[in-house]
Protein chains: 4
Amino acid sequence: MGEEIESVFESFSPVDYRFKVKDLKNYFSENSFVSHKAMVEGALAKVKAKRGLISKDSADRISAAAMDVKAHEVYAEEENTHHDIIAQNNVTKRRLNKVDHPAVHVPLTSYDKVDTANVLRYKGAVNNVIIPDMKSLVNTWIDVTRKEKDTPQIGRTHLQHAEPITFGFANALYLDRFGGRMMKIKEAAEDLRGKISGAVGAYNAQSLFVDDPEEFEVEVLGELGLKPGRISSQIMQQEPVTDLAHYMISGFCVLANYSEDVRHLQMPELGEIGQPRGPDISRSSTMPHKANPSGAENTISLWKVAMPFMNTMYLDEISDFQRDLTNSASQRFLPSVMDVFDYSVRRTNRIAKNLKSHPENMKKNLNMSADKVIAEPLHIILSSYGHPNSHEYVGKLADQSYITGKPLTEIVLNDVSLEPYLKKFTPKQIEVIHDPKKYLGIASKKAEKVADYWDNVLKKI
Amino acid sequence: MGEEIESVFESFSPVDYRFKVKDLKNYFSENSFVSHKAMVEGALAKVKAKRGLISKDSADRISAAAMDVKAHEVYAEEENTHHDIIAQNNVTKRRLNKVDHPAVHVPLTSYDKVDTANVLRYKGAVNNVIIPDMKSLVNTWIDVTRKEKDTPQIGRTHLQHAEPITFGFANALYLDRFGGRMMKIKEAAEDLRGKISGAVGAYNAQSLFVDDPEEFEVEVLGELGLKPGRISSQIMQQEPVTDLAHYMISGFCVLANYSEDVRHLQMPELGEIGQPRGPDISRSSTMPHKANPSGAENTISLWKVAMPFMNTMYLDEISDFQRDLTNSASQRFLPSVMDVFDYSVRRTNRIAKNLKSHPENMKKNLNMSADKVIAEPLHIILSSYGHPNSHEYVGKLADQSYITGKPLTEIVLNDVSLEPYLKKFTPKQIEVIHDPKKYLGIASKKAEKVADYWDNVLKKI
Amino acid sequence: MGEEIESVFESFSPVDYRFKVKDLKNYFSENSFVSHKAMVEGALAKVKAKRGLISKDSADRISAAAMDVKAHEVYAEEENTHHDIIAQNNVTKRRLNKVDHPAVHVPLTSYDKVDTANVLRYKGAVNNVIIPDMKSLVNTWIDVTRKEKDTPQIGRTHLQHAEPITFGFANALYLDRFGGRMMKIKEAAEDLRGKISGAVGAYNAQSLFVDDPEEFEVEVLGELGLKPGRISSQIMQQEPVTDLAHYMISGFCVLANYSEDVRHLQMPELGEIGQPRGPDISRSSTMPHKANPSGAENTISLWKVAMPFMNTMYLDEISDFQRDLTNSASQRFLPSVMDVFDYSVRRTNRIAKNLKSHPENMKKNLNMSADKVIAEPLHIILSSYGHPNSHEYVGKLADQSYITGKPLTEIVLNDVSLEPYLKKFTPKQIEVIHDPKKYLGIASKKAEKVADYWDNVLKKI
Amino acid sequence: MGEEIESVFESFSPVDYRFKVKDLKNYFSENSFVSHKAMVEGALAKVKAKRGLISKDSADRISAAAMDVKAHEVYAEEENTHHDIIAQNNVTKRRLNKVDHPAVHVPLTSYDKVDTANVLRYKGAVNNVIIPDMKSLVNTWIDVTRKEKDTPQIGRTHLQHAEPITFGFANALYLDRFGGRMMKIKEAAEDLRGKISGAVGAYNAQSLFVDDPEEFEVEVLGELGLKPGRISSQIMQQEPVTDLAHYMISGFCVLANYSEDVRHLQMPELGEIGQPRGPDISRSSTMPHKANPSGAENTISLWKVAMPFMNTMYLDEISDFQRDLTNSASQRFLPSVMDVFDYSVRRTNRIAKNLKSHPENMKKNLNMSADKVIAEPLHIILSSYGHPNSHEYVGKLADQSYITGKPLTEIVLNDVSLEPYLKKFTPKQIEVIHDPKKYLGIASKKAEKVADYWDNVLKKI
């Protein structure tokens, strides 16, 4: 069978025809999987040579032969073997003289290669592509947070106007949440473990082959920059990969949350931010005037696909006895999930970078509720001067304002029963009552603090 | 940009490099999506011609131009338009003279095409590939049910020996459950609806274009063998597609359940069935003797991927106002889910066809518990003759048998207190007590009945 | 052990202390589960009496004793038996003379009772509480649809202004989607099946007991208004219950979607609807002025709990051989899911009933985009008069309007190249260009049609 | 409204009538939620007194009044307020003189209390109940691992016989995986953060109240043994709670996996372990002889309910702007999930403690495949002596053994082509070929190492 070459548009999965991050090809394509398994073969040969079990030349030949193999050859051979690793061994051997054959694969079991290769791929993808992409987004958000730390905006809870914040403060929360996930992903990738412990994890074959199988495992994995776990079965413990997936999905939730805010803030009635025409804003095929925040919507949509995959991850923690194969096909889908996460990190970064805030609209919206917003500070100050039921009382005045249409400030200042308290108000307290844009708490300072914190972290990692 | 052509092993998704059902290419590739959208364009042109809005020649030219377009051109153009449907319109128009341009797409909105094209694809895939594949599996299971309807096997609950059945009876349950899902999938595909109702579902543009927009919609969809729904927004109601997905996932659960039994029955300690070496049985790369039921395991593994996707489907039922775009990327993944389902139907069919039962081992296992199994019929018969606490009493005798190692039958026949009841036993009742393989209820008859039922159904559909 | 009586606020599950629909107690409490199992006992006794296997008096005594049992007694007895059904049998027998003991439970297996009782409970809850509640909401939505069928509102896609609709039209889509789910839930409840087929589904015990076990099953289930399935194992096929759950979850998605729109339309910047102070609008404990749409938020929150439970349902379709017990505890949670669905139906109904539309704000918002909205009809009409690239051209004019701040209408009417086309416009077409509130398509008519359709349906069911 | 007191069997949720861990009542009942919110009130009062804002006496009165409140009073009051925290404040105030009223709750927002109270509850439940329960199970598994470290058992992959291990080694894997999850749960609970940052997280009200709101937050939380996060909105960042839930769900997967093995090893054909009659082994109501491993099945069943709840957790990471309320009802379900996890930890512990291994059956099963099992070591040794295609060649001999029925050992020893290699075999290698029970790798040593590791950990935490 020759190699099957065709248009990417013959693909079924949108990962392959639409959402592929090409920088991840070296880690996530099936060809890359084959070559990472070859790297394990190479590491094995190298350690054998170091231990004098084979010659250095033989090790070099085996390593070179292994790395030369392409997926399409393995698949052709698998038609005969019905086993992918035996197939890959066979096509590797074809490139070698008989004298080198006995050293190929022995004393490994398939999953010594598969699990170790996958750990290599995931660490490579995370450290070389995904974390750099995340850092870049964190950096963008640091910039936005600093730039907008003093831009007043109405804080919203329940989609209703609550109390004022600044746009930079709102952004700082995304920065901090996403930064936190980034650190966890980094740590989870570091916690991944390889294995060279054989068919049932007890180093049966390895024990026949060398006297110190645990040390042998440490050496082979060491060649690849990896470490073994404390104990394994035929496969590595599934939990560390599950943790990595969890932190990625959880980070994806932060992106989706941000995207929700991005599309809400662009509602024409709010108009608090804008995005330039381009790949993240689409038109309509029938409404020539429309500017749709499709980039943000796309992130949410891909999150909807990735998120439930955690159930697959949890299901794969369960494996009968020393392992069943029911996690094999399913774990092959994990790279697609990582891909759409990384795709969305990049897209969110582009959106965050290009976003324009519209401070005048923020001010306009804040002013809509300016008069009502003072209800909270009023209640707080009144109670601090001993008003016995300030919450209820101010609530009543707010209702009165709603019914009569009179400004709440006016009603308050004319309320006789409040007079004794109002007299005690400090100038700063008076100011807040008259201009809720002053009622910002420590929004600006907090935004700055969070930005500085992450700036420092970025410098160190 | 030229067409991107590359090895399928550069794919990230296992759907594309490993589990693709090639017969589904006409429905599930991105090229097929483009061509199905072109079919909607063609249907639109045809109806316009019938109504005298454009000439028949123009309609033919538009239809031909539309069908000529390939996905790679659309994607190249999308780089400029940032909108897939506008891009497809543009590359269609390039094949036409200006005189035909105004008739392209107008008065449609993008999702008049997208949703209608998807319904066409799903119905095509279901009716032409998936249902035929399911029928073939149903047929295989009818054969197995009939062939094995009299083969005694111990029925198992809690993985413990319960009471005897026949292997055909066990199979008949899968036949019936899966047949039921097949009928529901057929019905759900029939219930899918297209739409030509415009950007917000109110036929705004269509109303300007024709006086009878609902009739116009009926005609355009009619050209494609489809019907409209009762009401839509920019998109068709999501529920009918969700139902289709539900029945497929639920059918996938039946396959997974069958696969669990298949791999359990092949445990060396049970040995009740066997599979021939081949694509559904794999070896080990280090244990040359092993025969692993990897086909059945593969089905379970793919089910683990497909099943949680229902959450994505449910999430996509929620769309702000007249629609948001957060179901766009996610719904592009549905064909991959349908593909792995169909792949697993085919694989399960091959497994079921090649399965060999080992009646001698079934008999051996049944005999292991033969003596204990009589506890139920004994209790039932005793109580029918008025024994006041037969369940408890027989339970005690069973415990006694367990402790002493004496056969339960022997203990029972020597129990003085049971004598008055035992005397009343009919010959058939005595027979059951002595040979639990006779204690089969109506397993054989039921198996036959179920097989006949589905045989009849297959003839009609 | 005496009965454990305590405050409901000692409960852990919010279903029990906060979201319980009391009308469902007869179906969903543990006491009701016990009494429904007793009903199966009663039906069994009745059929035995009819067949002359026991006396009518005995049947009456057994039935009365069974119905007298309370859950707390069963649980106390289960401490000894470690089996809930044996425990229930024992406490039933304690109320009877020894002469009646042999007839209790025999020849059933536990799940003949459990599955049949659950079907009874689910059908009862659906037919007597949930469907009536759904009908009531459908009815409310019919009213709103009719009342608001002519109230213009801007249609929104991507949260952006698209083209005009009416508020009644928007409502009609929820009405139709939810009505559709209601019909499916009704049908799915009707499709539930009971079973009296014994420990492995082959009627082993029943065959010893009667000569016509299938007919016997039909009779016992018939006493309860139920029918058997085509074939079962120890348990009924799981698929019909899964279907019922699916339609309920899918209906819950419709409620969640509606709730999203409800809370969006109340954003202060939109203000298109309002809700009165009361149980569905909450205040803030620190911001006395706030009115939060917490009722709608609550529905979405409960949907988040219920929706992923479908995965549990799918997992429960898989059961080893003639059944394992891993669906036992999990299926006990299904009533909680049905409860929160029904709770949300009622709450949504109250919200929908009390909702006030604010047509003046709808008009204000629509007018915001009035000038832009004409881009679509303009493009459609131009293309119908043969303009070769009206979509692109109108898009350019819209951009020009955006940049210069000049109204699009003005730009269009002054555009020399458009003059030849504009001259052909009919008066109705001219009107639409000048007042997009006229550009409503058939929104009003469609709303009416859908309302009429469901009004008719309600009359029939 | 008086307190609603009723039988727990009027509950709908099995958490409340069947699976409740009573030791968790102080953390997970609704009454406990109310009292934990009261603790926040108390801490607030204490800090105010320390700062001289109120008298120490007043603080004591407020604290005492707050702690005296019961849920049923709050619920009665909520009928009027439609807000749970305002209701709780009101009933607290009723116990106080007017002079103390202004100090109640001010300057908090509801979620300063709710989120902080929940963190307190989760930390309390984890540290005082769940971790001790997990430690106890870890301890049991240490014992089993040590006791069974030398008991030979066939290792199984794909449910087929692979290579030998020891029963203690198999157990050590569960020990290590579960121990790992325990450490992560401990760490995640430690990472939970409280908040006193006000309605939008910017300390707006707090800033009016004190000059150092961040320090004030540190003090109030400090009274409760908690720390603040880096930044919050109205609510704490959801991620730390999501992490805690993740590790619990992942630990639940380990329990489910163990339970799968427990029920498989008790299949009558395997018989490698047994459980005593009691609460984890149930009978059948119709088959008096049966012993069902229902305890293990119950754990799997509860896992099926808990696992998909992670989707709810992920959905709750998304909250509009400074928060919407759609995580409120849903997060109320988290304690139920934690409860069924802890319930299953306890149950698994009881099962693991009572489990009896049947070494003679393990030996019998191992011997079934003894002859075949040597295929792997043979292939490894042959290749180490330079055999060019030992895997394929031994595979052929294994097939020959299968066809002819001759033992593989016999075939091997008579194979002329193997003679040159066999001559080189060391005595230890010869021994393995003749007795695969010697082919245990380092199973025993590894089991011991893992047991020692966790023994040490338990001593430290």
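Proteins get letters first, then strands, A, B, ... in listed order; numbering begins at 1 in each.
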Region of [X] in contact with chain B, defined by heavy-atom distances below 4.5 Å:
{"X": "D/Leu315", "value": "side chain"}
{"X": "D/Ile380", "value": "side chain"}
{"X": "D/Met267", "value": "both"}
{"X": "D/Ala375", "value": "both"}
{"X": "D/Ala162", "value": "both"}

Please tabulate, one pair per line, the donor and acceptor atoms of chain D and chain B that lie under 3.5 Å from each other, or say none if there are none.
unit_1	atom_1	unit_2	atom_2	d
B/Arg156	NH2	D/Glu269	OE2	2.7
B/Thr157	O	D/Lys290	NZ	3.0
B/Thr157	OG1	D/Lys290	NZ	2.2
B/His158	ND1	D/Glu297	OE1	2.6
B/His158	ND1	D/Glu297	OE2	3.3
B/His158	NE2	D/Asn292	ND2	3.3
B/Gln160	NE2	D/Gln266	O	2.9
B/His161	NE2	D/Glu269	OE2	2.6
B/His264	NE2	D/His264	NE2	2.5
B/Gln266	O	D/Gln160	NE2	2.9
B/Glu269	OE2	D/Arg156	NH2	2.7
B/Glu269	OE2	D/His161	NE2	2.6
B/Arg283	NH2	D/Asp399	OD1	3.1
B/Arg283	NH2	D/Asp399	OD2	2.9
B/Ser284	O	D/His391	NE2	2.8
B/Ser285	O	D/His391	NE2	3.4
B/Thr286	OG1	D/Glu376	OE2	2.8
B/His289	ND1	D/Lys372	O	3.4
B/Lys290	NZ	D/Thr157	O	3.0
B/Lys290	NZ	D/Thr157	OG1	2.2
B/Asn292	ND2	D/His158	NE2	3.3
B/Glu297	OE1	D/His158	ND1	2.6
B/Glu297	OE2	D/His158	ND1	3.3
B/Lys372	O	D/His289	ND1	3.4
B/Glu376	OE2	D/Thr286	OG1	2.8
B/His391	NE2	D/Ser284	O	2.7
B/His391	NE2	D/Ser285	O	3.4
B/Asp399	OD1	D/Arg283	NH2	3.1
B/Asp399	OD2	D/Arg283	NH2	2.8

